[in-house]
Amino acid sequence: MKKKATETYQFQVLEYVATVPVGKVTTYGQIAKDLFLPTPRLVGKILHSNPDNSKYPCHRVVFSDGKLAPAYAFGGAEVQRKKLLAEGVTFKKNRVDLNSCLF
DNA sequence: CAAGTGACAATAA
DNA sequence: TTTATTGCCACTT
């Protein structure tokens, strides 16, 4: 696969998400911070424009509060919660325990 | 080429 | 604790 010289944040974010190990979750702000994105909104846009949501574990990306995303691709926040729980992510009531699962 | 849009986050009340 | 509002910039059309 050939990469264009125009390295958009898109690819970086996708790769970052792919780097997140199972049983861990990351927040949009965390990604933005690590990838030096100007704003966390871009992460959401990028993931929304994700070329292949099945290839990248976008379900491991949650809000900074530990809340799940409104879900557009993975079938719903409830489904996402169940999926993350199956991966070993600890949940706190309605939020992800970022204290232990934040990558 | 230009304008609109948005899987957010931080702050305020 | 919650909801509400603002700011932010690349991606999509």
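Lettering follows sequence order; numbering is per chain, from 1.
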Select from A/L42 and A/D65 the residue whose nearest nucleotide in DNA chain B is closer to the 5' end of that strand.
-> A/L42

Atom CG of A/L47 to atom C1' of C/dA10: distance rounded to whole Å?
-> 13 Å

Protein-nucleotide distance (A/Y9, atom OH; C/dC8, atom P), rounded to Å | 15 Å

Could you check how far NZ of A/K45 sits from P of C/dC8, rounded to whole Å?
-> 15 Å

How many Å lie between NE2 on A/H48 and C1' on C/dC11, as a whole number?
-> 11 Å

Looking only at C/dC11, B/dA7, C/dT2, the nucleotide nearest the A/F63 side chain is B/dA7

Residue-phosphate contact under 4.0 Å: A/R60 side-chain N/O, B/dA7 OP1/OP2 | no

Toward the 5' end of DNA chain C, by each residue's nearest nucleotide, A/S49 or A/K67 = A/K67

Counting side-chain heavy atoms from C-beta on, which of C/dT2, B/dC8, C/dT12 comes nearest to A/Q10?
-> C/dT12

Once you round it to whole Å, what is the distance between C1' of C/dC11 and CG of A/L14?
-> 12 Å

Nearest of C/dC9, B/dC8, B/dA7 to any side-chain atom of A/R41?
-> B/dC8

Residue A/R95, side-chain heavy atoms: nucleotide from B/dC8, B/dG6, C/dT2 that is nearest = C/dT2

Is the distance from OP1 or OP2 of B/dC8 to the nearest side-chain N or O of A/T39 less than 4.0 Å?
-> no

Pairwise side-chain contact, A/Q30 with A/F103, heavy-atom cut-off 4.5 Å (strictly under) | no

Hey, is the main chain of A/V20 close enough, under 3.5 Å, to the side chain of A/R60 for a donor-acceptor pair?
-> yes

Expected output: side-chain A/D65 to main-chain A/K67 donor-acceptor under 3.5 Å | no

Return the value, rounded to whole Å, for the distance between atom CG of A/L68 and atom P of B/dC8.
-> 12 Å

At their closest point, which heavy atom of A/Y16 faces which heavy atom of A/D34, and how far apart are they?
-> OH-OD2, 2.7 Å

C/dC8, C/dC9, B/dA9: which one has an atom nearest the side-chain heavy atoms of A/Y28?
-> B/dA9

Would you mind reading off the distance between A/L37 atom CG and B/dA9 atom P, rounded to a whole angstrom?
-> 12 Å

Would you kindly give the CG-to-P distance between A/N94 and C/dT1, to the nearest whole Å?
-> 13 Å

Between A/S64 and B/dA10, does any side-chain N or O lie under 4.0 Å from OP1 or OP2?
-> yes

Using atom types as modelled and distance alone, determine if a side-chain donor or acceptor of A/S49 lies under 3.5 Å from a backbone N or O of A/I46.
-> yes

